[in-house]
Amino acid sequence: MLYPLNIDLSGRTIIVVGGGKVAERKVCGILAAGADVSVRVIAPDMSARLRALARTGKIAWMKESYSYRMLEGAFLVYAATDKREINASVAAEAKECGILVNIADDPYGSSFQIPSSVRRGDLLLTASTGGGSPALARSIRMELEQLYPAAFGLWLKRVVILRSELQAMLPIGKDRRLYWRMALRPDILAMVRNGELEKAEVELRNAALDIGAQSSDGSG
């Protein structure tokens with residue numbers, strides 16, 4: 001049974017061994033987190049996309065085959081070559097050094113796994129089967145992509161602002177709890193899903209005013 005954990009990679013060094021499509025997916029997933037992270041790829045050759053990332057300085061490329069002691073200083077390691085024996089060697093060194101490692105062709109031998117994910121700004125939705133069925137995890141991820149379009153990332157930014165304003169508008173805890181129950185109503189979420197962010201925000205602001213008025217006159 002895996003324990004879900006979100007990790008801040010800021011200031012960390014991540015090493016990816018391998019330069020093919022699997023390695024490319026790992027690298028792009030790391031960069032998508034938007035953290036100030038140092039990504040180092042160890043491979044004699046790389047995909048066109050990884051080469052482009054190296055040219056722009058987004059990743060560092062060690063243009064050589066993996067050998068022992070190349071993992072020093074890493075926080076996380078991905079063994080993502082197409083050769084099982086190399087992946088096994090990478091995993092062995094990582095575990096020897098106490099470094100968390102993900103093995104592309106051996107989820108059960110990995111010390112961590114990456115779930116299928118949908119990222120909408122700071123909103124992160126994930127699905128994992130513990131390595132039992134990656135296809136099912138991908139299928140669930142595709143459903144999540146439909147249920148939570150890009151508008152939810154923009155909506156979250158507005159909700160963060162509204163949340164800070166609520167401290168003054170609704171100083172009583174029970175009023176804020178009532179407000180957030182209203183904020184998660186299906187009709188509000190439907191507005192967000194349809195891209196009607198202004199309309200949804202107006203509904204929430206009006207709800208806050210109504211709750212505040214009821215509380216102040218003792219009817220809440």
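Remember, it's a predicted structure, so these values are computed and weren't measured experimentally. Heavy atoms only: backbone and side chains are in, while hydrogens, waters and symmetry mates are out.
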Show every donor-acceptor pair shorter than 3.5 Å between a side-chain atom in residues 134-148 and any protein atom, with sequence neighbours excluded, or say none if there are none.
none

Please list, one pair per line, the donor and acceptor atoms closer than 3.5 Å that link side chains of residues 149-159 to other protein atoms, with sequence neighbours excluded.
residue	atom	partner	partner atom	Å
R158	NH1	E198	OE2	3.4
R158	NH1	E201	OE1	2.8
R158	NH2	E198	OE2	3.1

For residues 24-32, tabulate all N or O donor-acceptor pairs below 3.5 Å that involve a side-chain atom, not counting sequence neighbours.
residue	atom	partner	partner atom	Å
E24	OE1	S47	OG	2.7
K26	NZ	N102	OD1	3.4

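At distances below 3.5 Å, not a single donor-acceptor pair connects side-chain atoms of S133 with backbone N or O atoms of T129.
Both I7 and I14 are members of a single hydrophobic cluster when ILVMFWY side chains are connected at heavy-atom separations under 4.5 Å. Clustering ILVMFWY residues whenever any of their side-chain heavy atoms sit less than 4.5 angstrom apart, transitively, puts L9 in the very cluster that holds L5. Tracing side-chain contacts under 4.5 Å through hydrophobic residues (I, L, V, M, F, W, Y), one never reaches V22 starting from V39; they form parts of separate clusters. V118 and I114 sit in two unconnected hydrophobic clusters of ILVMFWY residues. Membership requires side-chain heavy atoms under 4.5 Å apart, directly or through other members.
Listed by chain and number, the residues in a salt bridge (Lys or Arg N to Asp or Glu O under 4.0 Å) with E64 amount to none (sequence neighbours excluded). Under the salt bridge (Lys or Arg N to Asp or Glu O under 4.0 Å) criterion, D187 pairs with R185, sequence neighbours left out. Contacts of P115 classified as side chain to side chain contact (heavy atoms under 4.5 Å, CB included), with partners at least two apart in sequence or in another chain: T126, S128. Contacts of D106 classified as salt bridge (Lys or Arg N to Asp or Glu O under 4.0 Å), with partners at least two apart in sequence or in another chain: none. Residues passing the salt bridge (Lys or Arg N to Asp or Glu O under 4.0 Å) test with E196: none are found, sequence neighbours excluded.
Residue pairs meeting the side-chain hydrogen bond (donor to acceptor under 3.5 Å, both in side chains) criterion with at least one member in residues 5-22, sequence neighbours excluded: D8-S10. For the ring pair (Phe, Tyr, Trp, His ring centres under 6.0 Å) condition, the pairs that include at least one residue of residues 89-117, sequence neighbours left out, are Y78-F112. Evaluation of the ring pair (Phe, Tyr, Trp, His ring centres under 6.0 Å) test over residues 121-147, restricted to residues two or more places apart or in two chains, returns none.
What you find for P44 and S65 is that their closest heavy atoms are CG-OG, 3.9 Å. Here the shortest heavy-atom pairing between G18 and A43 reads C-CB, 3.7 Å.
You'll find the side chain of R176 stays beyond 4.5 Å of the side chain of R163, heavy atoms only. Two residues are said to be in side-chain contact when any heavy atoms from C-beta on lie closer than 4.5 Å; E165 and L162 meet this criterion. Contact annotation: the side chain of K199 never approaches that of L197 to less than 4.5 Å [non-hydrogen atoms, C-beta and beyond].
In summary, E93 and R69 do not engage in a salt bridge, as defined by a charged side-chain N under 4.0 Å from a carboxylate O.
Under the 4.5 angstrom side-chain criterion for Ile, Leu, Val, Met, Phe, Trp and Tyr, the cluster partners of I15 are V17, I42, M62, Y66, Y68, M70, L71, V77, I86, V90, I99, V101, I103.
Expressed to the nearest 0.5 Å, how far CG of D105 lies from CG of D82 amounts to 9.5 Å.
Taking a 6.0 Å sphere around NZ of K63, one finds it holds 12 or fewer heavy atoms contributed by other residues, nucleotides or ligands.
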